[in-house]
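Each ligand, and each atom within it, is numbered from 1 in the order the structure gives. What's counted below: heavy atoms across the whole structure, side chains too, no hydrogens, waters or symmetry copies.
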Amino acid sequence: MRPGGRDPIGEAARLLRERRGAVALTGAGISVESGIPSFRGAQGMWTKYDPMEYATLHAFVRSPRKVWEMLSEMISVCGGAAPNAAHKGLAALEEAGLLRAVITQNVDGLHQAAGSRRVIEYHGNLEELICLYCWKRYRTRERWSPGPAPRCDCGEILKPNVVLFGEPIPWLPQEQAEEEARTCGVLVVIGTSAQVSPACDIPRIAKESGAAVVEINPEPTSLTGSVADVHLRGGASEVLLRLQEALSRGGDAPATGPSGH
Ligand code: APR
């Protein structure tokens with residue numbers, strides 16, 4: 001129970017009700033319940049593929065076929081996934097006028113599939129392939145199939161339009177994300193370990209600009225107890241459902257529920 005006797009879900013609901021312009025920042029954790037592994041943590045993607053060998057631009061240019069082993073697995077897993085209650089919860093908050101945008105580090109397209117309209121894809125999207133030599137672009141589903149790496153008409157191996165380590169964030173999503181962070185009333189940070197820069201700077205930018213930061217994660221992160229004003233400990237779907245219930249009741253959630261600090 002927080003100072004003032006308000007439970008964390010109640011406090012988060014109060015912030016969303018009272019402050020204008022909430023924005024969400026999401027990471028791999030929000031898609032775990034859709035069957036897409038996160039990157040770090042026990043079953044994380046990076047426990048199977050060393051990111052320095054499979055997820056840097058340098059590695060892609062040096063051995064694109066090797067990197068495509070990992071990329072093909074990501075495309076298959078994401079291609080077979082559907083949005084979960086957390087993705088749908090954010091779309092419902094947007095529909096209700098309580099959320100104005102989602103900044104996502106994810107490349108799975110599940111926010112849009114859930115109905116979210118304003119989605120800033122900070123790390124790009126797996127649904128498009130690009131040639132690093134002639135800059136031609138293709139729909140992944142038109143050029144990719146399990147097997148050899150897809151090629152451009154110019155003969156070069158194509159790369160998904162996602163941001164690999166060592167690549168800069170594209171100018172527009174970076175500008176849009178920082179603008180949302182500078183001007184939002186509440187930033188809801190869901191399912192990110194907040195270890196990768198510059199995405200992990202977004203909560204700090206929001207906080208320094210006067211926003212309240214609400215974190216949803218089953219584990220504490222570097223934001224917990226520092227940048228985050230409220231930490232809602234639990235899985236994204238369960239916590240967002242409780243938050244929506246509290247919002248619809250227009251008051252505090254009952255004392256029981258996901259433990260928060
Ligand atoms: N609900 C909410 N959060 C969850 C859930 C869940 N069901 N399951 C796990 N998490 C949390 C974990 O506790 C962890 O803090 O999600 C977080 C996932 O962290 P990472 O795997 O590090 O993913 P992310 O923060 O999105 O990574 C950032 O790093 O590898 C690069 O480009 C990649 O976009 C990615 C970036």
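Scanning Pro51, Ser193, Gly41 for the heavy atom closest to atom 22 (O) of ligand 1 points to Ser193. Residue Pro218 holds the heavy atom nearest to atom 3 (N) of ligand 1 of all those in Ser38, Pro218, Ser31.
The protein heavy atom nearest to atom 11 (C) of ligand 1 is Asn217 OD1, 3.4 Å. Atom 30 (O) of ligand 1 has Trp46 NE1, 2.8 Å as its closest protein atom, hydrogens excluded (heavy atom only). Nearest protein heavy-atom neighbour of atom 28 (C) of ligand 1: Gln105 OE1, 3.3 Å. The nearest protein atom to atom 23 (O) of ligand 1, hydrogens excluded, is given as Ala28 CB, 3.5 Å; this is a heavy-atom distance. In this structure, atom 36 (C) of ligand 1 lies nearest to the protein heavy atom Val196 CG2, 3.8 Å. Among protein heavy atoms, atom 1 (N) of ligand 1 sits closest to Ala236 N, 2.9 Å. Scanning all protein heavy atoms for the shortest distance to atom 5 (C) of ligand 1 gives Gly29 O, 3.5 Å. At the shortest separation from atom 18 (C) of ligand 1 among protein heavy atoms lies Gly191 O, 3.7 Å.
Distance alone, capped at 3.5 Å, places no donor-acceptor pair between the His231 side chain and the Gly225 backbone. Of the possible donor and acceptor atoms, none in the side chain of Ser31 sits under 3.5 Å from a partner among the backbone N and O of Ser34. In terms of modelled atom types and a separation under 3.5 Å, the side chain of Glu94 and the main chain of Arg117 share a donor-acceptor contact. In terms of modelled atom types and a separation under 3.5 Å, the side chain of Glu33 and the main chain of Ser237 share a donor-acceptor contact. His123 places a side-chain N or O within donor-acceptor distance of the main-chain N or O of Gln105, the cut-off being under 3.5 Å.
In terms of the ring-ring contact (aromatic ring centres under 6.0 Å, His included) criterion, Tyr122 has no residue partners (sequence neighbours excluded).
In terms of N/O distances under 3.5 Å, ligand 1 is approached by Phe39. Residue Gly27 has no nitrogen or oxygen atom sitting less than 3.5 Å from a nitrogen or oxygen atom of ligand 1, judged on distance alone. For ligand 1, the polar-atom distance check against Ile30 finds no nitrogen or oxygen pair separated by under 3.5 Å. At a 3.5 angstrom cut-off on N or O pairs, Asn106 does not count as close to ligand 1. Some N or O of His123 is nearer than 3.5 Å to an N or O of ligand 1, by distance alone.
Under a 4.0 Å N-O distance rule, the pair Arg40/Glu219 does not qualify as a salt bridge. A salt bridge between Glu175 and Arg182 is present, with a side-chain N of the basic residue lying under 4.0 Å from a carboxylate O of the acidic one.
At a threshold of 4.5 Å between non-hydrogen side-chain atoms, the residues Leu240 and Leu93 count as touching.
Remark: Arg139 CZ is packed, more than 12 non-hydrogen atoms of other residues, nucleotides or ligands lying under 6.0 Å away. For Glu95, the CD atom is loosely surrounded, since the number of other residues' heavy atoms within 6.0 Å does not exceed 12.
When non-hydrogen atoms are compared, ligand 1 lies under 4.0 Å from the backbone of Thr192 as well as from its side chain.
Using a 4.0 Å cut-off to heavy atoms of Glu219, the atoms of ligand 1 that qualify are 13 (O). The atoms of ligand 1 that sit less than 4.0 Å from any heavy atom of Phe165 are 30 (O), 31 (C). Numbered from 1 in the order shown, with element, the atoms of ligand 1 that lie under 4.0 Å from a heavy atom of Arg40 read 20 (P), 21 (O), 22 (O), 23 (O), 27 (O), 28 (C), 29 (O), 30 (O), 31 (C). If you number the atoms of ligand 1 from 1 as listed, the ones under 4.0 Å from a heavy atom of Glu33 come out as 1 (N), 6 (C), 7 (N).
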Stepwise side-chain hydrogen bond (donor to acceptor under 3.5 Å, both in side chains) test for Gln174 and Glu178: CA-CA 6 Å; Gln174 173 132 29; Glu178 291 188 6; 3.0 Å; yes
